[in-house]
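Report on the structure given below.
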Amino acid sequence: MKKQYIIHLFEWLLGIVFLISGTGKMMNAGGFGELISSYGLQWFSMLSPVIIVMELALGLLFLFRLWTRFTALASLGLLMVFTCAFLYGNLVHGIEDCGCFGSLGSDLPAWTTYLRNVVLMILAYYVARNEKQTACSLDKNQMNLLLLAGLMMVAAFWTGQTWHPSTYYMNNFAKSHPLLGCDINQSPIGRYLQVSADSTYVLWVFSYSCSGCINSMENVKHYEGVADRFVPLAVTPDPDGRKRRLLQFPYDPIYVGNELSGFIEVLPTLLYVEGGKVKFVIEESVPSIYSFKSNYLEMSNEEILKQLLTPKTEE
């Protein structure tokens with residue numbers, strides 16, 4: 001009897017963790033996809049909506065105690081995949097934030113991710129080894145199954161609503177953007193920043209009240225060195241710098257208010273400036289530094305890794 005209580009406790013713990021993890025990612029599925037691409041696994045980022053729905057399904061299956069042995073084995077396998085992916089991203093690309101809890105997560109050292117995953121894998125293994133329930137009675141669990149189906153439909157819909165890959169405008173695209181090809185010094189941005197024709201710039205327009213902007217900050221923090229200068233432009237005020245300090249944002253943004261309305265309609269928006277003109281525009285989320293260099297600056301993997309690893313070597 002005591003052993004069965006322990007099994008139920010572990011199932012509840014695993015269910016709660018998977019639900020929190022899936023819910024945090026569901027709030028910004030696009031941001032989670034960009035975080036995965038920063039691991040150097042760009043192809044894997046397209047599966048981010050599937051991963052989110054899968055985590056939510058596992059959490060609910062644990063809490064409803066449906067197919068618990070299968071659920072424990074599936075969660076064990078998923079945790080192994082997550083751990084291996086984070087190990088690769090951490091060792092090869094220096095990723096510290098695993099993005100495990102999405103928008104609900106907080107910055108913690110990398111070793112806490114490994115420790116947490118090991119503990120969860122032990123719990124999942126214990127449940128899979130000792131749980132005898134391999135199936136569920138459709139008659140006894142009819143209400144739970146209907147509730148599970150309803151919740152999963154809501155989760156899938158919500159995930160789809162927040163899964164917005166970056167909108168990308170470039171000179172060779174038929175679709176245009178008001179600032180594409182524009183001379184920055186002659187644009188409204190020129191009131192706040194004068195650029196040099198022989199330098200490159202990354203301009204990031206954001207708001208402290210925009211969830212997509214806040215979720216993109218972790219990627220933005222790695223953008224130093226991508227161009228000659230990185231300049232954040234805030235459309236919401238932060239006079240005492242409290243919000244910036246709270247978010248641990250390392251840059252001091254230029255406040256532009258609503259002066260860019262009519263040119264910038266989506267937040268966040270990232271502009272790459274070369275030769276004094278906007279070369280391309282990225283909206284809705286900020287790509288990882290890895291995907292930005294490989295997709296937008298068209299650098300090879302070897303060039304990217306060399307640039308990413310050189311600063312660490314010099315330190």
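Side chains included, hydrogens not; waters and symmetry mates left out as well; all remaining heavy atoms used.
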(request) On the 0 to 90° scale, with breaks at 30° and 60°, tag the Phe230-Tyr251 ring pair as parallel, tilted or perpendicular. (result)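 It falls in the tilted class, 30° to 60°.
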
(message) Classify the ring geometry of Phe280 against Tyr272: parallel below 30°, tilted from 30° to 60°, perpendicular beyond 60°.
(response)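 The arrangement is parallel - the two ring planes meet at less than 30°.
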
Mind checking whether [X] and [Y] have side chains closer than 4.5 Å, heavy atoms only?
X      : Y      : answer
Arg244 : Pro253 : yes
Leu61  : Phe18  : no
Val256 : Val235 : yes
Arg116 : Met121 : no
Phe206 : Leu267 : no
Ile7   : Tyr126 : yes
Thr113 : Phe82  : no
Gln248 : Lys221 : yes

Exam field: side chain [X] to backbone [Y], donor-acceptor pair closer than 3.5 Å:
X      : Y      : answer
Thr200 : Asp228 : yes
Thr71  : Phe62  : no
Asp238 : Arg242 : yes
Ser75  : Ala72  : yes
Thr269 : Val266 : yes

Could you state whether [X] and [Y] fall into the same hydrophobic cluster, counting links through intermediate Ile, Leu, Val, Met, Phe, Trp or Tyr residues with side-chain heavy atoms under 4.5 angstrom apart?
X      : Y      : value
Leu73  : Ile122 : no
Met26  : Val154 : no
Leu120 : Val81  : yes
Leu56  : Val50  : yes
Leu60  : Ile16  : yes

Atom pair [atom1] ([X]) and [atom2] ([Y]), whose distance is rounded to the nearest 0.5 Å:
X      : Y      : atom1 : atom2 : answer
Asn219 : Trp204 : CG    : CH2   : 9.5 Å
Leu270 : Ser216 : CG    : OG    : 9.5 Å
Leu58  : Leu76  : CG    : CG    : 11.0 Å
Leu271 : Lys279 : CG    : NZ    : 14.0 Å
Ser187 : Asn185 : OG    : CG    : 7.5 Å
Leu78  : Thr83  : CG    : OG1   : 9.5 Å

More than 12 non-hydrogen atoms from neighbouring residues, nucleotides or ligands closer than 6.0 Å to [atom1] on [X], yes or no?
X      : atom1 : value
Lys243 : NZ    : yes
Phe263 : CZ    : no
Arg245 : CZ    : yes

(request) Determine, step by step, whether Val286 and Ile282 satisfy the side-chain contact (heavy atoms from CB on, under 4.5 Å) criterion, reporting the C-alpha distance in whole Å, the side-chain angles of both residues, the deciding distance to 0.1 Å, and the verdict. (result) CA-CA 7 Å; Val286 175; Ile282 303 172; over 6 Å; no

(request) In sequence, state the C-alpha distance, the side-chain angles, and the governing distance for Ile6 and Asn130, and then conclude on side-chain contact (heavy atoms from CB on, under 4.5 Å). (result) CA-CA 10 Å; Ile6 293 175; Asn130 295 282; over 6 Å; no

Closest non-hydrogen atom pair, [X] against [Y]:
X      : Y      : answer
Arg69  : Ala128 : NE-O, 2.9 Å
Ser207 : Thr236 : OG-CG2, 3.0 Å
Gly22  : Ile52  : O-CG2, 3.6 Å

(request) Decide if the gap between the ring center of Phe292 and the ring center of Tyr223 is smaller than 6.0 angstrom. (result)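 Yes, ring centres under 6.0 Å apart.
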
(request) Taking the six-membered ring for Trp and the full ring for Phe, Tyr or His, determine whether the centres of Phe86 and Tyr114 are under 6.0 Å apart. (result)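 Distance test on ring centres: under 6.0 Å, yes.
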
(request) Go through the steps for Leu246 and Tyr208 under the test side-chain contact (heavy atoms from CB on, under 4.5 Å), then give the verdict. (result) CA-CA 11 Å; Leu246 184 64; Tyr208 288 108; over 6 Å; no

(request) Output, in order, the C-alpha distance, side-chain angles, deciding distance and verdict of side-chain contact (heavy atoms from CB on, under 4.5 Å) for Leu123 and Val127. (result) CA-CA 6 Å; Leu123 298 186; Val127 172; 5.6 Å; no

